[in-house]
Amino acid sequence: KGEIAFDVEASYADGDVVKVALLEGGEGYSAEAPSQNVLAEALVEDGKAVVRVDDVKTWSPDSPYLYGVKVWIERKGKVVDSVDGYTAMRKISIKQDSSLNRYNRMALNNELLFHFGPLDQGWWPDGLYTAPTDEALRYDVRKTKDFGFNMIRKHIKVEPARWYMHCDQLGIIVWQDMPSGDKNPEWQMYQYFDGRERVRSAESEANYRKEWKEIMDYLYSYPCIGTWVPFNEAWGQFKTQEIAEW
(Lines give C-alpha, C1' and ligand atoms only; values in the text may rest on other atoms or scores of the structure.)
Protein backbone atom coordinates (compact mmCIF):
# COMPACT_ATOMS: atom_id res chain seq x y z
CA LYS A 1 0.00 0.00 0.00
CA GLY A 2 2.97 2.34 0.32
CA GLU A 3 1.98 3.10 3.90
CA ILE A 4 3.97 3.20 7.12
CA ALA A 5 2.03 3.20 10.39
CA PHE A 6 3.50 4.84 13.49
CA ASP A 7 2.65 4.45 17.16
CA VAL A 8 3.97 7.55 18.90
CA GLU A 9 4.42 7.52 22.67
CA ALA A 10 5.18 11.02 23.96
CA SER A 11 4.30 13.38 26.79
CA TYR A 12 3.12 16.82 25.73
CA ALA A 13 0.83 19.63 26.83
CA ASP A 14 -2.70 20.38 25.72
CA GLY A 15 -2.59 22.37 22.50
CA ASP A 16 0.69 20.83 21.34
CA VAL A 17 0.78 19.36 17.85
CA VAL A 18 2.69 16.14 17.14
CA LYS A 19 3.80 15.29 13.60
CA VAL A 20 5.80 12.59 11.86
CA ALA A 21 7.66 12.90 8.56
CA LEU A 22 9.21 10.42 6.16
CA LEU A 23 12.49 11.68 4.72
CA GLU A 24 14.46 10.79 1.64
CA GLY A 25 17.14 8.29 2.65
CA GLY A 26 19.29 5.76 0.88
CA GLU A 27 21.36 2.63 1.33
CA GLY A 28 23.09 2.63 4.70
CA TYR A 29 21.11 5.70 5.83
CA SER A 30 21.99 6.89 9.33
CA ALA A 31 19.70 8.85 11.64
CA GLU A 32 22.86 10.45 13.05
CA ALA A 33 23.04 12.52 9.86
CA PRO A 34 19.34 13.07 9.11
CA SER A 35 18.08 14.10 5.70
CA GLN A 36 16.04 17.27 5.33
CA ASN A 37 14.15 16.31 2.17
CA VAL A 38 10.60 15.51 3.32
CA LEU A 39 8.72 12.98 1.20
CA ALA A 40 5.51 12.95 3.24
CA GLU A 41 4.26 13.88 6.68
CA ALA A 42 1.22 13.26 8.85
CA LEU A 43 -0.43 14.56 11.99
CA VAL A 44 -0.32 12.25 15.01
CA GLU A 45 -3.79 11.77 16.49
CA ASP A 46 -4.43 9.61 19.55
CA GLY A 47 -0.83 8.45 19.33
CA LYS A 48 -1.16 7.10 15.78
CA ALA A 49 -0.25 8.29 12.30
CA VAL A 50 -0.05 6.80 8.82
CA VAL A 51 2.42 8.20 6.29
CA ARG A 52 1.91 7.40 2.61
CA VAL A 53 4.73 7.45 0.09
CA ASP A 54 4.69 7.17 -3.70
CA ASP A 55 7.34 5.34 -5.72
CA VAL A 56 8.26 2.98 -2.89
CA LYS A 57 11.89 1.91 -2.58
CA THR A 58 12.11 -1.49 -0.90
CA TRP A 59 14.75 -2.83 1.48
CA SER A 60 16.69 -6.00 0.63
CA PRO A 61 20.17 -7.46 1.20
CA ASP A 62 21.07 -6.35 -2.33
CA SER A 63 19.70 -2.84 -1.80
CA PRO A 64 19.21 -1.93 1.89
CA TYR A 65 17.29 1.30 1.30
CA LEU A 66 16.33 3.10 4.51
CA TYR A 67 13.99 6.06 4.82
CA GLY A 68 14.68 8.79 7.34
CA VAL A 69 12.04 9.50 9.98
CA LYS A 70 11.45 12.58 12.10
CA VAL A 71 8.91 12.95 14.91
CA TRP A 72 8.45 16.32 16.57
CA ILE A 73 6.26 18.34 18.95
CA GLU A 74 5.15 21.87 18.04
CA ARG A 75 4.06 24.33 20.72
CA LYS A 76 2.64 27.64 19.49
CA GLY A 77 4.36 27.13 16.16
CA LYS A 78 7.78 26.27 17.61
CA VAL A 79 9.45 22.84 17.71
CA VAL A 80 10.03 22.02 21.40
CA ASP A 81 11.21 18.42 21.04
CA SER A 82 12.10 16.03 18.23
CA VAL A 83 13.68 12.67 17.48
CA ASP A 84 15.30 11.32 14.32
CA GLY A 85 15.23 7.72 13.21
CA TYR A 86 14.79 5.53 10.16
CA THR A 87 12.54 2.84 8.77
CA ALA A 88 12.21 0.69 5.66
CA MET A 89 9.62 -0.78 3.32
CA ARG A 90 9.99 -4.53 3.14
CA LYS A 91 7.70 -7.54 3.16
CA ILE A 92 8.40 -11.04 4.46
CA SER A 93 5.91 -13.65 3.27
CA ILE A 94 5.36 -17.24 2.18
CA LYS A 95 4.95 -17.94 -1.51
CA GLN A 96 4.57 -21.12 -3.54
CA ASP A 97 7.33 -21.89 -6.01
CA SER A 98 6.81 -23.01 -9.60
CA SER A 99 7.80 -26.63 -9.04
CA LEU A 100 5.43 -29.54 -9.59
CA ASN A 101 4.87 -29.82 -5.83
CA ARG A 102 4.29 -26.08 -5.36
CA TYR A 103 6.46 -25.92 -2.26
CA ASN A 104 6.03 -23.02 0.14
CA ARG A 105 9.10 -20.78 0.16
CA MET A 106 10.10 -17.62 1.98
CA ALA A 107 9.75 -14.46 -0.07
CA LEU A 108 11.14 -10.95 0.34
CA ASN A 109 9.13 -8.18 -1.32
CA ASN A 110 7.12 -10.91 -3.12
CA GLU A 111 10.25 -12.45 -4.66
CA LEU A 112 11.45 -15.91 -3.61
CA LEU A 113 14.65 -15.65 -1.59
CA PHE A 114 16.71 -18.54 -0.26
CA HIS A 115 17.96 -17.58 3.20
CA PHE A 116 21.63 -18.46 3.42
CA GLY A 117 23.65 -17.74 6.53
CA PRO A 118 25.38 -18.88 9.71
CA LEU A 119 24.25 -19.76 13.20
CA ASP A 120 25.85 -16.75 14.90
CA GLN A 121 26.39 -17.06 18.65
CA GLY A 122 27.98 -13.63 18.97
CA TRP A 123 31.26 -14.65 20.58
CA TRP A 124 34.16 -12.22 20.88
CA PRO A 125 37.78 -13.19 21.71
CA ASP A 126 38.22 -10.05 23.79
CA GLY A 127 34.88 -9.97 25.57
CA LEU A 128 33.11 -13.34 25.26
CA TYR A 129 29.48 -12.24 24.79
CA THR A 130 30.40 -8.54 24.74
CA ALA A 131 31.87 -6.86 21.65
CA PRO A 132 34.84 -4.59 22.38
CA THR A 133 33.61 -1.68 20.22
CA ASP A 134 30.77 -0.57 17.99
CA GLU A 135 33.15 -0.86 15.05
CA ALA A 136 33.63 -4.53 15.92
CA LEU A 137 29.87 -5.09 15.88
CA ARG A 138 29.64 -3.59 12.40
CA TYR A 139 32.73 -5.42 11.13
CA ASP A 140 31.23 -8.78 12.11
CA VAL A 141 28.07 -8.12 10.09
CA ARG A 142 30.00 -6.78 7.12
CA LYS A 143 32.31 -9.81 7.00
CA THR A 144 29.30 -12.11 7.09
CA LYS A 145 28.03 -10.38 3.96
CA ASP A 146 31.51 -10.51 2.42
CA PHE A 147 31.39 -14.30 2.76
CA GLY A 148 28.26 -14.30 0.57
CA PHE A 149 25.55 -14.76 3.22
CA ASN A 150 22.26 -12.85 3.18
CA MET A 151 21.04 -13.73 6.70
CA ILE A 152 22.21 -14.37 10.24
CA ARG A 153 20.47 -16.52 12.80
CA LYS A 154 21.25 -14.76 16.08
CA HIS A 155 21.56 -17.90 18.15
CA ILE A 156 20.11 -17.92 21.70
CA LYS A 157 21.35 -14.38 22.26
CA VAL A 158 20.01 -10.84 22.01
CA GLU A 159 22.46 -8.19 20.82
CA PRO A 160 22.67 -4.46 21.63
CA ALA A 161 20.42 -2.25 19.53
CA ARG A 162 23.29 -0.99 17.38
CA TRP A 163 24.00 -4.50 16.06
CA TYR A 164 20.53 -4.62 14.51
CA MET A 165 21.03 -1.09 13.16
CA HIS A 166 24.18 -2.29 11.39
CA CYS A 167 22.20 -5.21 9.93
CA ASP A 168 19.60 -2.72 8.67
CA GLN A 169 22.23 -0.47 7.13
CA LEU A 170 24.39 -3.20 5.60
CA GLY A 171 21.45 -5.31 4.45
CA ILE A 172 21.28 -8.67 6.17
CA ILE A 173 18.18 -10.57 7.34
CA VAL A 174 18.11 -11.66 10.99
CA TRP A 175 16.48 -14.74 12.44
CA GLN A 176 16.13 -13.84 16.11
CA ASP A 177 16.22 -16.63 18.70
CA MET A 178 14.59 -16.68 22.08
CA PRO A 179 17.41 -17.77 24.45
CA SER A 180 16.78 -21.25 25.83
CA GLY A 181 16.11 -21.63 29.51
CA ASP A 182 14.19 -23.30 32.29
CA LYS A 183 14.89 -24.33 35.86
CA ASN A 184 14.71 -28.01 34.93
CA PRO A 185 18.30 -29.18 34.29
CA GLU A 186 17.01 -31.52 31.58
CA TRP A 187 15.19 -28.94 29.51
CA GLN A 188 16.60 -30.21 26.22
CA MET A 189 14.06 -32.50 24.56
CA TYR A 190 15.40 -35.74 23.10
CA GLN A 191 12.06 -37.22 22.05
CA TYR A 192 11.95 -35.24 18.82
CA PHE A 193 9.57 -37.47 16.91
CA ASP A 194 6.89 -38.60 19.33
CA GLY A 195 5.11 -35.26 19.64
CA ARG A 196 5.72 -34.79 23.35
CA GLU A 197 6.44 -31.32 24.68
CA ARG A 198 8.08 -30.02 27.84
CA VAL A 199 5.63 -29.41 30.66
CA ARG A 200 6.73 -26.15 32.27
CA SER A 201 5.76 -24.79 35.65
CA ALA A 202 3.45 -21.77 35.75
CA GLU A 203 6.41 -19.65 36.88
CA SER A 204 8.61 -20.87 34.03
CA GLU A 205 5.89 -20.27 31.42
CA ALA A 206 5.22 -16.78 32.78
CA ASN A 207 8.94 -15.95 32.64
CA TYR A 208 9.16 -17.21 29.05
CA ARG A 209 6.18 -15.18 27.88
CA LYS A 210 7.34 -12.02 29.67
CA GLU A 211 10.89 -12.18 28.32
CA TRP A 212 9.97 -13.24 24.77
CA LYS A 213 7.45 -10.38 24.55
CA GLU A 214 10.12 -7.96 25.74
CA ILE A 215 12.47 -9.20 23.01
CA MET A 216 9.82 -8.91 20.29
CA ASP A 217 8.76 -5.45 21.46
CA TYR A 218 12.42 -4.38 21.56
CA LEU A 219 13.24 -5.58 18.03
CA TYR A 220 9.88 -5.34 16.25
CA SER A 221 10.72 -2.12 14.37
CA TYR A 222 14.05 -3.23 12.90
CA PRO A 223 13.61 -3.95 9.16
CA CYS A 224 16.29 -6.66 9.28
CA ILE A 225 14.18 -8.98 11.46
CA GLY A 226 12.72 -11.64 9.18
CA THR A 227 11.96 -14.56 11.49
CA TRP A 228 11.26 -15.14 15.18
CA VAL A 229 12.68 -18.41 16.55
CA PRO A 230 10.74 -19.15 19.76
CA PHE A 231 12.46 -22.47 20.55
CA ASN A 232 16.03 -23.60 19.88
CA GLU A 233 16.50 -27.29 19.08
CA ALA A 234 13.34 -28.14 21.09
CA TRP A 235 14.95 -26.97 24.35
CA GLY A 236 12.16 -26.26 26.78
CA GLN A 237 9.63 -26.41 23.94
CA PHE A 238 6.04 -26.21 25.17
CA LYS A 239 2.57 -25.32 23.82
CA THR A 240 4.15 -25.13 20.37
CA GLN A 241 1.10 -24.24 18.29
CA GLU A 242 -0.08 -21.60 20.76
CA ILE A 243 3.34 -19.95 20.98
CA ALA A 244 3.84 -20.07 17.19
CA GLU A 245 0.48 -18.39 16.58
CA TRP A 246 1.34 -15.74 19.17
Side-chain angles (χ1 to χ4, degrees), residues 2 4 6 22-37 39 53 55-71 83-93 105-179 215-229 232:
I4 301 178
F6 292 88
L22 197 66
L23 310 174
E24 186 177 38
E27 293 186 14
Y29 180 87
S30 172
E32 295 161 357
S35 168
Q36 300 303 317
N37 187 12
L39 299 175
V53 59
D55 190 24
V56 169
K57 294 181 176 64
T58 55
W59 180 96
S60 71
D62 291 334
S63 179
Y65 189 94
L66 300 174
Y67 288 95
V69 170
K70 193 175 193 70
V71 183
V83 61
D84 294 296
Y86 68 85
T87 188
M89 298 291 264
R90 68 103 182 95
K91 176 185 177 182
I92 303 286
S93 61
R105 308 291 188 190
M106 294 188 72
L108 176 65
N109 303 323
N110 295 324
E111 297 293 332
L112 297 180
L113 180 68
F114 184 81
H115 289 214
F116 179 57
L119 193 73
D120 180 354
Q121 292 183 293
W123 287 105
W124 301 90
D126 33 15
L128 297 181
Y129 265 143
T130 303
T133 63
D134 184 57
E135 290 77 14
L137 280 176
R138 187 177 181 88
Y139 174 85
D140 212 46
V141 177
R142 189 174 66 247
K143 290 305 294 183
T144 303
K145 283 209 74 176
D146 288 346
F147 292 142
F149 299 119
N150 63 13
M151 59 80 66
I152 292 171
R153 178 176 164 196
K154 182 48 64 173
H155 184 48
I156 54 176
K157 184 190 181 189
V158 181
E159 293 286 6
R162 289 189 68 86
W163 184 84
Y164 300 93
M165 180 197 73
H166 295 317
C167 292
D168 289 339
Q169 291 179 340
L170 295 170
I172 199 154
I173 298 168
V174 175
W175 291 28
Q176 178 60 51
D177 276 23
M178 168 62 177
I215 292 170
M216 290 189 289
D217 288 346
Y218 164 46
L219 299 176
Y220 173 80
S221 294
Y222 287 94
C224 63
I225 300 290
T227 300
W228 303 111
V229 184
N232 167 58

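On a predicted model such as this, the values are computed, not experimentally measured, just so you know. Because only heavy atoms are used, hydrogens play no part in the values below, and waters and symmetry mates are left out as well, while side chains stay in.
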Q: Look at the side chain of Tyr29 and the backbone N and O of Glu24, then say whether any donor-acceptor pair between them is shorter than 3.5 Å.
A: no

Q.
Do Asp134 and Pro160 have side chains that approach each other closer than 4.5 Å (heavy atoms only, starting at C-beta)?
A. no

(Q) Under the ring-ring contact (aromatic ring centres under 6.0 Å, His included) definition, can you give me all pairs with a residue in residues 150-171, not counting sequence neighbours? (A) Tyr164-Tyr222

**Q.** Where Trp175 and His115 come nearest, the two heavy atoms and their spacing
**A.** NE1-ND1, 3.0 Å

**Q.** Donor-acceptor pair, side chain of Lys157 and main chain of Gly122, under 3.5 angstrom
**A.** yes

**Q.** Side-chain touch Trp124/Thr130, heavy atoms, less than 4.5 angstrom
**A.** no

**Q.** Heavy-atom pair of closest approach, residues Arg142 and Leu170
**A.** N-CD1, 3.8 Å

**Q.** Thr227 side chain reached by Ile92 side chain, heavy atoms, under 4.5 Å
**A.** no

Q: Sequence neighbours left out, what passes salt bridge (charged side-chain N to carboxylate O under 4.0 Å, His left out) with Asp120? Give chain and number order.
A: Lys154

Q: Evaluate the side-chain proximity of Ile173 to Leu113: yes if any heavy-atom separation is below 4.5 Å, no if none is.
A: yes

Q) Which atoms form the tightest heavy-atom contact between Lys145 and Pro61, and what is the distance? A) NZ-O, 2.6 Å

Q: Apply the test side-chain contact (heavy atoms from CB on, under 4.5 Å) to residues Cys224 and Ile172: give CA-CA distance (whole Å), side-chain angles for both, the deciding distance (0.1 Å), then the verdict.
A: CA-CA 6 Å; Cys224 63; Ile172 199 154; 5.6 Å; no

Q) Sub-3.5 Å donor-acceptor pair from the side chain of Asp177 to the main-chain atoms of Arg153, do we have one? A) no

Q: Could you tell me whether a side-chain N or O of Asp84 sits under 3.5 Å from a main-chain N or O of Lys70, the two making a donor and an acceptor?
A: no

(Q) Checking the side chain of Asn150 only, and the main-chain atoms of Phe114 only, is there a donor and an acceptor separated by less than 3.5 Å? (A) yes

Q | Validation row: Asn232, Met178 side chains within 4.5 angstrom (heavy atoms) | A | no

Q: Would you check if the side chain of Tyr218 reaches a backbone N or O of Ala161 as a donor-acceptor pair within less than 3.5 Å?
A: yes

**Q.** Pairs meeting criterion ring-ring contact (aromatic ring centres under 6.0 Å, His included) with involvement of residues 128-151, two or more places apart
**A.** Phe116-Phe149, Trp123-Tyr129

**Q.** Heavy-atom donor-acceptor pair, Arg90 side chain to Pro223 backbone, under 3.5 Å
**A.** yes

Q.
I need the minimum non-hydrogen distance between Gln176 and Ile225, along with the two atoms involved.
A. CB-CD1, 4.2 Å

